[in-house]
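Everything on this sheet refers to the single structure shown next.
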Amino acid sequence: MILAIAFTLSHFQSMTLFALLISVAFGFLSRRRTNERVKYIIWSLFLFLLIGVGIGWAMYPFSR
Amino acid sequence: MADESTGGGATPQPAPSELAPTEHAPSELPQRGEALAFAIGVAGWLVPGLGHALQKMWGRALGCFLTVGALVFLGVGMRGNVFSSEGGDAFGILGYVADLGTGSFYFAARALETQGSDVAHAEGDYGTRFLAAAGVLNLLAALHAYEAARGRKA
């Protein structure tokens, strides 16, 4: 049986989910110890969101 | 799962102090070891995380499997475009290559996306990026597993 799946997410939710998953993957691949991984994931997620929101605001004047 | 050594299962590595300088040269690795490392890389591509699991790097294996799987699942759920080999332009071909990077998950994505893609809306566009990112991420993980199997520091 094939399940039909559908998600409706906002821009910010999509970006946050993307940033979280990529940060987790990078953290697991690039660090060995658990505490190093957690630090890396948090820092990477923060930078993803900061840069994403920053670029979003930078494009705002040209959006209309 | 807290600490993971590299090359734990397939090719046990001696401590750095035990290695002679010439043992680091990839060209001097045994042919069989190279073939095994290549097979581990291919396994990691076909099933996300399998390349690391074969080397008993359980944390990385689970991390790769779950993140790539979640990206594919979300990408399909957001009705992203799962590119096929019949893509006419360069972007279609690049998208196909990126999607193929998920290995077996590509076929799962095609089977799950029964309603087709909907890139006219933001969710579908995001879904396309999720799927492509999953593929590229899995290729990176497979390359990481291959390098670890060759004894490179990872």
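So that the names make sense, note that chain A is the first sequence line, chain B the second, and so on, each numbered from 1.
The line from NE2 of A:His11 to CG of B:Asp125 is 9.0 Å long, rounded to the nearest 0.5 Å. Remark: B:Glu123 CD to A:Thr8 OG1 distance equals 5.0 Å, nearest 0.5 Å. Distance check, rounded to the nearest 0.5 Å: CG of A:Leu21 to CG of B:Leu137 gives 9.0 Å. Atom CE of B:Met57 sits about 7.5 Å away from atom CZ of A:Arg32, to the nearest 0.5 Å.
Cluster membership for B:Val72 and B:Val136, using ILVMFWY side-chain heavy atoms within less than 4.5 angstrom, is not shared. Linking ILVMFWY side-chain heavy atoms closer than 4.5 Å, directly or via other members, places A:Leu20 and A:Phe12 in a single hydrophobic cluster. Residues B:Phe107 and B:Val82 fall within the same hydrophobic cluster, defined by Ile, Leu, Val, Met, Phe, Trp and Tyr side chains chained together at heavy-atom separations under 4.5 Å. Using a 4.5 Å cut-off between side-chain heavy atoms of Ile, Leu, Val, Met, Phe, Trp and Tyr, with links allowed through other members, A:Ile55 and A:Leu47 fall into different hydrophobic clusters. B:Phe73 and B:Tyr106 fall within the same hydrophobic cluster, defined by Ile, Leu, Val, Met, Phe, Trp and Tyr side-chain heavy atoms under 4.5 Å apart, directly or through other members.
Most heavy-atom pairs under 4.5 Å with chain B: of the set A:Ala25, A:Ser14, A:Gly27, A:Ser10, this distinction falls to A:Ser14.
The two residues B:Arg60 and A:Arg31 come nearest to each other via the heavy atoms NH2-O, 3.5 Å. Heavy-atom minimum distance, A:Leu29 versus B:His144: O-NE2, 3.1 Å.
Contact of the B:Leu71 side chain with the A:Leu17 side chain is not registered, since no non-hydrogen atoms from C-beta on lie closer than 4.5 Å. Looking at A:Phe26 and B:Leu140, their side chains come closer than 4.5 Å, going by heavy atoms from C-beta outward. Contact check for B:Thr67 versus A:Ile22: no side-chain heavy atoms found under the 4.5 Å cut-off.
In this structure, the ring of A:Phe18 has its center less than 6.0 angstrom from the ring center of B:Phe130.
Looking at B:His121, there are no atoms closer than 4.5 Å to chain A (heavy atoms on both sides), in backbone or side chain.
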